[in-house]
Undergrad: 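The structure's right below; bear with me while I get my questions together.
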Amino acid sequence: MSSDKIYNIYQKLYAAYGPQGWWPFINYKGVNSSKEGNSEGYHIGEYSFPRSDLECFEVCLGSILTQNTTFTSVVKSLHNLKALNALSPKAIKKLDSDTLKQAIRPSGYHNQKARYLLAFIDFYEALEGRTPTRDELLAVLGIGEETADSILLYGYNQLEFKVDAYTKRILLQLGLIDEKAKYKDVKKLMQESLYNSITDDKTLLIIYQEFHALIVNHAKRYYSKKPYAEGCFLSTEFRS
DNA sequence: AACCAGGACGTGA
DNA sequence: TCACGTCATGGT
């Protein structure tokens, strides 16, 4: 049954790569923060994040900035904002438009992402610390399904599985979904499968957070350049 | 030098 | 609904 396959995939990825320590925070310096391919920000094996409203907001910032871009580019943008002392909602709002655009330029789409950030900040401030619903997030300009789930999963510790292009690509390769599978279809498969395997919500949350990170880690190695799945240990086991 | 990156929106069928 | 063009910089 495919529920078992999904959890089995998680176990194999975890066995191969270990805990990933997402979401990365630019001000976090832990003993385990020197993760392969990344130099900072990851809190491997620690799950009490975000530790403040500012860290929650940083997840939101990063989730928007990382749209269709690598996170290393986002880190540059976040450092630019930090240099402007503008990692808070109020401080970003005070920046003049061109300064903001220049700061986030490394992550691409700086014109529309600047608008997205400002739109989100208005929304975020109106929350006054409350956890947003998924529908509320989706109503904000610039927040689609993946970004909403990213914010909820890593910024607010909500049980919302984050599906990205890599997730679809791997599941398609393994024959667990078809090409026309939509975001909600893939999310439903992941969540229902994991729910059948894990009953404890706290454990489930950690798995949601680690699983997506593990998928990205694995996909960067074997699902970035075609032909996909070359050398992928999942592909040789699950397909057939 | 083409291709892809931790996507979302606007438009017209 | 859905397919398609657009948005932009940076790395391989």
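Quantities reported herein were computed from a predicted structural model and do not represent experimental measurements. Naming: A, B, ... by sequence-line order, numbering from 1 per chain. In what follows, every heavy atom counts, from backbone to side chain, and hydrogens, waters and symmetry copies are set aside.
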Undergrad: Just how far, in rounded Å, is C1' of B:dC9 from OH of A:Tyr116?
TA: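 A:Tyr116 atom OH is separated from B:dC9 atom C1' by 5 Å.
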Undergrad: Write down the distance separating the P atoms in B:dT11 and C:dA8, rounded off to the nearest Å.
TA: 16 Å
Undergrad: Tell me whether A:Tyr183 and B:dG7 count as stacked here, given that the ring centres must be under 5.5 Å apart and the planes must differ by less than 30 degrees.
TA: no
Undergrad: With nearest nucleotides of DNA chain B determined for A:Val140 and A:Ser63 from heavy-atom distances, which residue corresponds to the more 5′ nucleotide?
TA: A:Ser63
Undergrad: What is the separation between atom CZ on A:Arg221 and atom P on B:dA5, rounded to the nearest whole Å?
TA: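 Nearest whole value for this atom pair: 16 Å.
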Undergrad: Kindly state each residue pair satisfying ring-ring contact (aromatic ring centres under 6.0 Å, His included) with at least one member in residues 176-210 of chain A, sequence neighbours excluded.
TA: A:Phe161-A:Tyr208
Undergrad: To the nearest Å, how far apart are A:His218 NE2 and B:dA5 P?
TA: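 Atom-to-atom, A:His218 to B:dA5, this comes out as 15 Å.
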Undergrad: Send over the distance from A:Ile143 CD1 to B:dA8 P, rounded to a whole Å.
TA: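 Computing the A:Ile143:CD1 to B:dA8:P distance gives 9 Å.
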Undergrad: Run the salt-bridge test on A:Glu160 and A:Lys187 with the 4.0 Å N-O cut-off and return the result as yes or no.
TA: yes
Undergrad: Below 3.5 Å is the cut-off: list the nitrogen or oxygen pairs between protein and nucleotides 7-10 of chain C, distance only.
TA:
| residue | atom | partner | partner atom | Å |
| --- | --- | --- | --- | --- |
| C:dC7 | O2 | A:Gln112 | NE2 | 2.6 |
| C:dA8 | OP1 | A:Tyr109 | O | 3.3 |
| C:dA8 | OP1 | A:Asn111 | N | 3.0 |
| C:dA8 | OP1 | A:Gln112 | N | 3.1 |
| C:dA8 | OP2 | A:Asn111 | ND2 | 2.8 |
| C:dA8 | O4' | A:Tyr109 | N | 2.9 |
| C:dA8 | N6 | A:Tyr109 | OH | 2.4 |
| C:dA8 | N1 | A:Tyr109 | OH | 2.8 |
| C:dT9 | OP1 | A:Arg105 | NE | 3.4 |
| C:dT9 | OP1 | A:Arg105 | NH2 | 2.9 |

Undergrad: Without decimals, in angstroms, what is the distance between A:Lys180 NZ and C:dC2 P?
TA: 10 Å
Undergrad: Specify the separation, in whole Å, of atom CH2 of A:Trp23 and atom C1' of B:dG6.
TA: 7 Å
Undergrad: A:Glu125 vs A:Lys93, test: salt bridge (charged side-chain N to carboxylate O under 4.0 Å, His left out). Steps then yes/no.
TA: CA-CA 11 Å; A:Glu125 288 184 323; A:Lys93 273 196 350 188; 2.8 Å; yes
Undergrad: DNA chain B: A:Val216 or A:Gly142, which has the more 5' nearest nucleotide?
TA: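 Per heavy-atom nearest nucleotide, the more 5' residue is A:Val216.
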Undergrad: Among A:Gln209, A:Glu210, A:Lys202, find the residue that satisfies the side-chain hydrogen bond (donor to acceptor under 3.5 Å, both in side chains) test when tested with A:Tyr47.
TA: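 Exactly one pass, corresponding to A:Glu210.
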Undergrad: If I pick the P atom on B:dC3 and the same atom on C:dG5, what distance separates them, to the nearest angstrom?
TA: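 Each nucleotide's P atom is 15 Å from the other's.
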Undergrad: So A:Leu141, base contact, sugar-phosphate only, or nothing? Heavy-atom distance under 4.0 Å.
TA: sugar-phosphate
Undergrad: For A:Asp164, is there an ion pair with A:Arg169 - N to carboxylate O distance below 4.0 angstrom?
TA: no
Undergrad: With rounding to the closest Å, how many angstrom separate the P atoms on B:dG6 and C:dT6?
TA: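 Nearest-Å result for B:dG6 against C:dT6 at atom P: 24 Å.
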Undergrad: Nearest whole Å is fine: how far is B:dG6 P from A:Glu58 CD?
TA: 18 Å
Undergrad: Would you say B:dG6 has OP1 or OP2 under 4.0 Å from some side-chain N or O of A:Arg169?
TA: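 No, no such contact exists.
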Undergrad: Please give, in whole Å, the distance from B:dG6 C1' to A:Leu214 CG?
TA: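 Interatomic distance, CG of A:Leu214 to C1' of B:dG6: 13 Å.
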Undergrad: Only pairs at least two apart or in different chains count here, so list each side-chain hydrogen bond (donor to acceptor under 3.5 Å, both in side chains) that has a residue in residues 81-92 of chain A.
TA: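 Output for this query lists A:Asn27-A:Lys82.
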Undergrad: Is the ring centre of A:Tyr223 less than 6.0 Å from the ring centre of A:Tyr166?
TA: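 Judged by ring-centre distance (under 6.0 Å), A:Tyr223 and A:Tyr166 do not meet the cut-off.
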